[in-house]
Amino acid sequence: MKFTKKYRGYSPSQLSYAYQLVKDKGIPIRTAARRYEVPEATLRHRLSGYVNPEAVKSGPALLFKEEEEADLVNHLKLMARVGYGYSRSEVIDIATNYAIHKELRDSEHPLSTKWYKNFMTRWPDLKIVKPRSLEMQRAKASSEVNVQNYYSELHKILEKYDLFDKPERIYNVDEKGICTNHKSPYVIAATGTTPPTITSGDKHLVTVLGCGNAQGHSVPPFFVFPGNRMRQELLENKSTGADGDVSESGQKTKYYFICLTCTYKPYSPTYGCRMLWTF
C-alpha cells in the first residue's frame, strides 16, 4: 500500500499568529507552537531570520503575499457564509482578476488548476462542500439586519411582560415536513448498470409540529396529515400525548398552531399564565 505524506497540517494564519505571539508578547516559542499547532522548528527558523517570516512554503516564491491570500480566503469564507459560495472555476477566475489588479499577471496568462490545488493545500481550513439548499425567503429572513431586529423586538417583549427570569413560560414552535415517498439508498449492483427502485407515484407531505420551552420542557408533537378526513389509525403507536389532524396538503396552518397550544395544556403547570410563543 502506498502512503502519501501530508505536506502541512496547519494554515499560514496559524503560523503568523504564533510568530506575532512570540514577537509581540514574548511568549516562549514552544508554548506558541503548541497553542497554534505549528512545528516548533518551523517557528524558530522564522524567528531567527533563517527563513523569511512571510514565506508560506518551500520552493519558488508564491504569486500572492500571505496577507493577500488571507484576504482572498476571508472573502471566500464570507461569500459561502451568506449563501453565495464560489465553485472551483470561479475561485480561479477571481484569483486571476486579483492578480491582474495587482499587476502580477496579465489577461493572457490566467491562473491554472495547479495554482488552485496548491492554494487549497496551503489553506487547510478551506474545503469543498455541497451547500445545503436555502429558500430565498428564508435567506432574506436570516439576514444580519433582520436577525438584529428580531432580537431587539424580543428584548422589548421580555422586558414588557417581565419574562427575563421565567424560562418556563418562553416557548419556541417549529415544524418539519416529512415526505412519505420512498427514497432508495445506495445499493450494490453490477458495474455499468443502473438498477431501478420501486417507489410510489404519489408524493405526500406530513408536517410535524414540535414545541419546547427555554427550561428544556417539551410538548408532545402534533401531526398534520394530508387528507380530508382524520382517521385514528394514522396515530397508531403514537407517543404519549401526541395528537394530529388533517389538511388537504398536509401543511401547517394557523389552525394547527392553535391545536398545538391545546395539546400543550395538560403538560405544563404554567398554562393560563402569560407566556411567550416564538415561531
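Positions are given from 1, in the same order as the sequence printed here. The figures that follow rest on heavy atoms only: side chains count, while hydrogens, waters and symmetry mates do not.
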Quick one: are Y98 and E68 in side-chain contact, heavy atoms under 4.5 Å?
yes
Validation row: E168, H217 side chains within 4.5 angstrom (heavy atoms)
no
Same apolar cluster: Y150 and V145, side chain cutoff 4.5 Å
no
Hey, does I94 have a side-chain heavy atom less than 4.5 Å from the side chain of Y86?
yes
Kindly indicate whether the side chain of L111, heavy atoms from C-beta on, has any atom under 4.5 Å from the side chain of F119.
no
Using the rule that two of Ile, Leu, Val, Met, Phe, Trp, Tyr join whenever any of their side-chain heavy atoms come within less than 4.5 Å, decide whether I128 and L72 are in one cluster.
yes
R30: salt bridge (charged side-chain N to carboxylate O under 4.0 Å, His left out) partners, not counting sequence neighbours:
E40
With a 4.5 Å heavy-atom cut-off, do S107 and I100 have their side chains touching?
yes
With a 6.0 Å cut-off (strictly less than), is the heavy-atom count around NE2 of H109, excluding the residue itself, greater than 12?
no
Just jot down the side-chain hydrogen bond (donor to acceptor under 3.5 Å, both in side chains) partners of D162, sequence neighbours excluded, or say none.
K166
Within a 6.0 Å radius of atom CD on E233, are there more than 12 heavy atoms belonging to other residues, nucleotides or ligands?
yes
Tell me whether F164 is reachable from Y161 by hopping between hydrophobic residues (I, L, V, M, F, W, Y) whose side-chain heavy atoms are closer than 4.5 Å.
yes
Does some side-chain heavy atom of Y36 sit less than 4.5 Å from a side-chain heavy atom of L15?
no
Got L158 and I170 here, is their nearest side-chain heavy-atom distance under 4.5 Å?
yes
Within the structure provided, determine whether M230 and L235 are in side-chain contact (heavy-atom separation under 4.5 Å).
yes
With sequence neighbours excluded, what pairs up with D125 under the side-chain hydrogen bond (donor to acceptor under 3.5 Å, both in side chains) test?
K77
May I ask you to decide if K117's main-chain N or O and T121's side chain share a donor-acceptor pair within less than 3.5 Å?
yes
Residues K156, E153: salt bridge by 4.0 Å N-O rule
yes
So for atom OH, which belongs to Y151, do other residues, nucleotides or ligands contribute more than 12 heavy atoms lying within a distance under 6.0 Å?
no
Please check: side-chain N/O of Q215 versus main-chain N/O of P167, any donor-acceptor pairing under 3.5 Å?
no
